[in-house]
Trainee: 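Below you will find the structure I want to go over with you.
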Amino acid sequence: MGTAVSGQAVLLFGFPAIVGVAAGYVSGGRLGGLLATRLRALWLVWLAGAAQMAEYAVDRLDGRPGQALRSVLLATVFVTVLGWLLVNGRGRSRVLKSAALTALGGGLLNGMAIAFNGRMPYSRTAAAAAGIPPGQETAKNIAAGRGSRLAFLGDVIPVPPLHAVISVGDILITLGAAAVIATAMHQPTPPHTTEARHDSNDQRTAPDDGAVHRGDLCPAALHHRSPRMDRGLRPQPERRLT
């Protein structure tokens with residue numbers, strides 16, 4: 001199911017980025033707001049990624065020991081991701097928190113299907129409709145059978161253009177991630193960002209409109225200065241006490 005894996009990668013990473021940025025611009029957001037969003041405790045993300053890679057490494061372990069180890073690694077992934085979301089959720093808007101919780105909910109649905117079956121079950125019918133030879137197994141997927149539990153939470157939705165099958169949880173993750181990106185683009189931009197520097201440069205290099213501002217001397221005033229004004233502008237000699 002290599003094509004399914006690549007198709008899911010497009011849906012879970014490429015689609016949210018493209019749709020999220022487009023929705024952010026349409027709704028009046030700026031890319032600078034997304035780039036200015038500060039993220040905390042990124043080491044939790046790296047820890048979750050390491051646990052995810054470890055799941056592929058223990059794929060060949062069969063029986064209860066292998067399933068138990070995969071369950072522990074899966075729980076590690078979700079606990080670290082949940083902790084990272086909680087740390088970064090402080091001080092965020094309600095809309096951004098709701099979008100993040102939507103993505104987290106999709107991940108929990110996928111996690112339930114994996115936890116009860118050892119791997120993510122997929123529908124043979126959906127795989128055939130997506131142009132994938134049914135019956136194949138990968139480090140993350142297994143064909144659903146009579147003994148599969150919560151199979152409706154597995155990959156049961158075919159996506160023929162991408163030759164992939166996805167789950168309800170994948171859809172929630174995709175929509176939630178896109179909403180997070182679009183909402184983050186509305187975050188206030190700090191004054192030291194590139195856009196602010198451009199604005200300040202434009203103000204400094206703006207042409208003179210001929211207006212006389214307070215504290216400025218107009219040309220007519222400079223031309224018709226009185227000698228008294230000139231004496232007041234010239235530096236006066238230092239007076240010393242004798």
Trainee: Give, for atom NZ of K97 and atom CZ of R90, the distance between the pair rounded to the nearest 0.5 Å.
Mentor: 10.5 Å
Trainee: Same cluster for V168 and L162 if Ile/Leu/Val/Met/Phe/Trp/Tyr side chains link at under 4.5 Å?
Mentor: yes
Trainee: Please confirm whether the backbone N or O of F116 pairs with a side-chain atom of R149, one donor and one acceptor, at under 3.5 Å?
Mentor: yes
Trainee: Quick one: do L86 and L44 end up in the same hydrophobic cluster if we chain Ile, Leu, Val, Met, Phe, Trp and Tyr together by side-chain heavy atoms under 4.5 Å apart?
Mentor: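 Linked, L86 and L44 end up in one cluster.
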Trainee: Are there more than 12 heavy atoms of other residues, nucleotides or ligands under 6.0 Å from atom CZ of F78?
Mentor: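 Counting other residues, nucleotides and ligands, CZ of F78 exceeds 12 neighbours.
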Trainee: Taking a hydrophobic cluster as the set of Ile, Leu, Val, Met, Phe, Trp and Tyr residues connected by side-chain heavy atoms closer than 4.5 Å, whether directly or through intermediates, do L73 and L47 fall within one such cluster?
Mentor: no
Trainee: Given side-chain contact (heavy atoms from CB on, under 4.5 Å), test L175 with I171 step by step and report yes or no.
Mentor: CA-CA 6 Å; L175 295 178; I171 295 178; 3.9 Å; yes
Trainee: Please report the closest heavy-atom contact between A151 and V156, naming both atoms and the distance.
Mentor: O-CG1, 3.5 Å
Trainee: Please report the closest heavy-atom contact between R40 and W84, naming both atoms and the distance.
Mentor: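 That closest heavy-atom pairing would be O-NE1, 3.0 Å.
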Trainee: For V21 versus I181, what's the shortest heavy-atom pair and its separation?
Mentor: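 In terms of heavy atoms, the two residues are closest at N-CG2, 3.8 Å.
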Trainee: What's the spacing between L153 CG and L108 CG if we round to 0.5 Å?
Mentor: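 Taking CG in L153 and CG in L108, the distance rounds to 11.0 Å.
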Trainee: Please give me the minimum heavy-atom distance between A130 and H163, naming the atom from each residue.
Mentor: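 Scanning both residues, the minimum pair turns out to be O-ND1, 3.1 Å.
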Trainee: Using a side-chain heavy atom cutoff under 4.5 Å and only I, L, V, M, F, W and Y, what cluster partners does V180 have?
Mentor: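 Members besides V180, by chain and number: L96.
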Trainee: Could you state whether L150 and L109 fall into the same hydrophobic cluster, counting links through intermediate Ile, Leu, Val, Met, Phe, Trp or Tyr residues with side-chain heavy atoms under 4.5 angstrom apart?
Mentor: yes
Trainee: Going from OG1 on T183 to CZ on R92, what distance comes out if it is rounded to the nearest 0.5 angstrom?
Mentor: 12.0 Å
Trainee: Verify, without hydrogens or angle tests, whether N110 (side chain) and G154 (backbone) share a donor-acceptor contact under 3.5 angstrom.
Mentor: no
Trainee: Enter the distance from R30:CZ to H186:NE2 here, rounded to the nearest 0.5 Å.
Mentor: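 R30 CZ to H186 NE2: 11.0 Å, rounded to 0.5 Å.
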Trainee: Is there a side-chain contact (heavy atoms from CB on, under 4.5 Å) between M120 and D155 once you walk through the steps?
Mentor: CA-CA 7 Å; M120 188 67 166; D155 295 332; 3.7 Å; yes
Trainee: Report yes if the side chains of L104 and L82 come closer than 4.5 Å at any heavy-atom pair, otherwise no.
Mentor: yes
Trainee: Linking I/L/V/M/F/W/Y whenever any side-chain heavy atoms sit under 4.5 Å apart, do L39 and L85 land together?
Mentor: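 Yes, L39 connects to L85 through the hydrophobic network.
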Trainee: Can you give me the closest heavy-atom contact between A103 and A177, atom names plus distance?
Mentor: CB-N, 4.1 Å
Trainee: Tell me the closest heavy-atom pair linking L74 and A115, and the distance in Å.
Mentor: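 For L74 and A115, the tightest heavy-atom pair comes out as CD2-N, 3.9 Å.
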Trainee: Calculate, to the nearest 0.5 Å, the distance between atoms OH and CD1 belonging to Y122 and I132 respectively.
Mentor: 8.0 Å
